[in-house]
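Notes for the one structure printed next.
One-based numbering, in listed order, for ligands and for the atoms of each. For the single chain, residues carry numbers from 1 onward in sequence order.
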Amino acid sequence: GSTKSAVLLSPDNVLDLFHSVDAFLFDCDGVIWKGDKLIDGVPQTLQFLRSKGKKLVFVTNNSRKSRKQYAKKFLSLGITVHEDEIFSSSFAAAMYLKVNNFPPDKKVYVIGEDGILEELKLAGYTGLGGPEDGKKAVELKENKLFEHDKSVGAVVVGLDQYINYYKLQYGTLCIRENPGCLFIATNRDAVGHMTDSQEWPGAGCMVAAVCGTTQKEPIVVGKPSTFMMQFLLQKFQISPSRMCMVGDRLDTDILFGQNAGCRTLLVLSGCTDQSTLEDASNHIQPEYYTSQISDIYKFLGP
Ligand code: PLP
Ligand code: CA
C-alpha cells in the first residue's frame with residue numbers, strides 16, 4: 001500500500017482524476033448497493049459517466065450469483081448493465097479453471113451457492129455439491145465409509161448458507177485423497193451484507209473450515225488477488241494506469257486496484273469509515289476518498 005495519506009475528493013481535484021481515466025471499476029456492495037438496497041444517486045452517476053464515454057466495470061467478491069443473475073439484480077434496481085461488464089468471484093472461479101486448462105471430464109465439487117454452479121456450467125464444467133448437498137446428512141457408523149466421486153479435480157469454496165458436515169467431509173476427502181486436486185476460494189471476505197441492515201459471516205469462514213481440515217491454503221480468485229485483474233485487463237485492453245478502482249474495503253478493493261497499478265478511490269458508503277482510514281494501524285491508503293460515488297456527479301454533473 002501507499003504511505004501517502006488519502007486525499008479527500010473535491011471539486012478542485014476531481015477533474016484531474018476524471019480526465020486521466022478511461023474506465024471505472026466499481027466494487028458492488030457498499031458502493032452500488034447495500035444488500036438489495038440501492039445507494040443514493042448511483043443510477044445518475046453511472047449514467048453520467050457513460051455519457052462521458054467512460055467504460056464501466058463491476059467487480060464483486062460475492063459469489064452467490066452468476067454474472068447473469070447480477071445483470072438481473074442491476075436491472076431490478078433500475079440500472080442497465082451488460083453481463084460482460086460484470087466480474088463476480090463466481091465467474092472468476094470458472095475462468096481460473098478455463099485459463100489453466102482444467103479438463104472438462106473432471107468434476108468440480110462446490111461448497112457454495114447457485115452462482116458458482118451456473119458459471120461452471122456456462123464454462124463447460126460439471127459441478128457437484130452446492131445447495132443440493134445442503135439437505136444431506138452424514139451417517140456416522142462403524143464400517144461405513146463416506147463415498148465421494150473420485151473424478152473430482154477441483155473444490156471451489158465460496159459463501160454457502162447451506163454449509164454442513166456432509167459438504168465439509170466431501171470437499172475434504174476430494175482434496176486430501178487426491179494430491180492433484182485444486183482448492184479454489186472465490187474470496188475470503190470476513191463478513192458481507194447479506195441484508196442491507198446487517199453484516200453476516202462471509203466466505204472467509206467457509207474457506208477457513210476447509211483450510212482447517214486439509215491444512216492447505218487455497219488459490220484465491222477474488223479481490224485482492226490479481227487473477228481477476230489480469231483477466232479483465234486482457235479483455236478490455238485498457239492500461240491499468242488509466243483505470244480507477246472504486247471500493248469500500250481497504251484490504252480487498254483498494255489493494256486490488258493498487259496491486260495492478262490502478263488509480264484508487266475509497267467510498268465511505270460501505271464498510272470503512274473515516275476513522276478506520278485514518279487509524280495508525282491502517283497501512284492501505286487509497287489515492288482519493290469521498291463519501292459516496294454520487295459525489296463524482298455532484299462535482300462534475302450539470
Ligand atoms: N461476500 C458476501 C457473502 C457478501 O454478502 C458480500 C457483500 O454483500 C461480499 C462478499 C462483498 O461483495 P462486494 O465485493 O461486492 O463488496
Ligand atoms: Ca464492497
Is D253 close enough that one of its N/O/S atoms sits under 3.0 Å from the Ca ion (ligand 2)?
-> no

Nearest neighbour in protein (non-hydrogen) for atom 4 (C) of ligand 1 | N62 ND2, 3.2 Å

With Y297 via ring pair (Phe, Tyr, Trp, His ring centres under 6.0 Å) - residues at least two apart = F48

Considering the options M229, R249, M245, which one meets the side-chain contact (heavy atoms from CB on, under 4.5 Å) requirement together with K223?
-> M245

Side chain, backbone, both or neither: R64 near ligand 1, heavy atoms under 4.0 Å = neither

If every non-hydrogen atom of E139 is compared with every non-hydrogen atom of K144, which pair is closest and at what distance?
-> OE1-CE, 3.1 Å

Distance from atom 14 (O) of ligand 1 to nearest protein heavy atom, with residue and atom = N61 N, 2.8 Å

Aromatic rings F58 and F26: how do their planes relate, parallel, tilted or perpendicular, breaks at 30° and 60°?
-> parallel

Cation-pi check, K167 to Y109: give yes when NZ or CZ is under 6.0 Å from the six-membered ring centre and within 45° of the ring axis, no otherwise.
-> no

Is it true that K73 and D36 have a side-chain N and a carboxylate O under 4.0 angstrom from each other?
-> yes

Considering only heavy atoms of D29, which atoms of ligand 1 have at least one such atom less than 4.0 Å away?
-> 7 (C), 8 (O), 12 (O), 13 (P), 15 (O), 16 (O)

the protein heavy atom lying closest to atom 11 (C) of ligand 1 turns out to be D189 OD2, 3.5 Å

What's the shortest distance from atom 15 (O) of ligand 1 to any protein heavy atom, and which residue and atom give it?
-> T60 OG1, 2.7 Å

Among all protein heavy atoms, pick the one closest to atom 3 (C) of ligand 1 and tell me residue, atom and distance.
-> L159 CD1, 3.4 Å

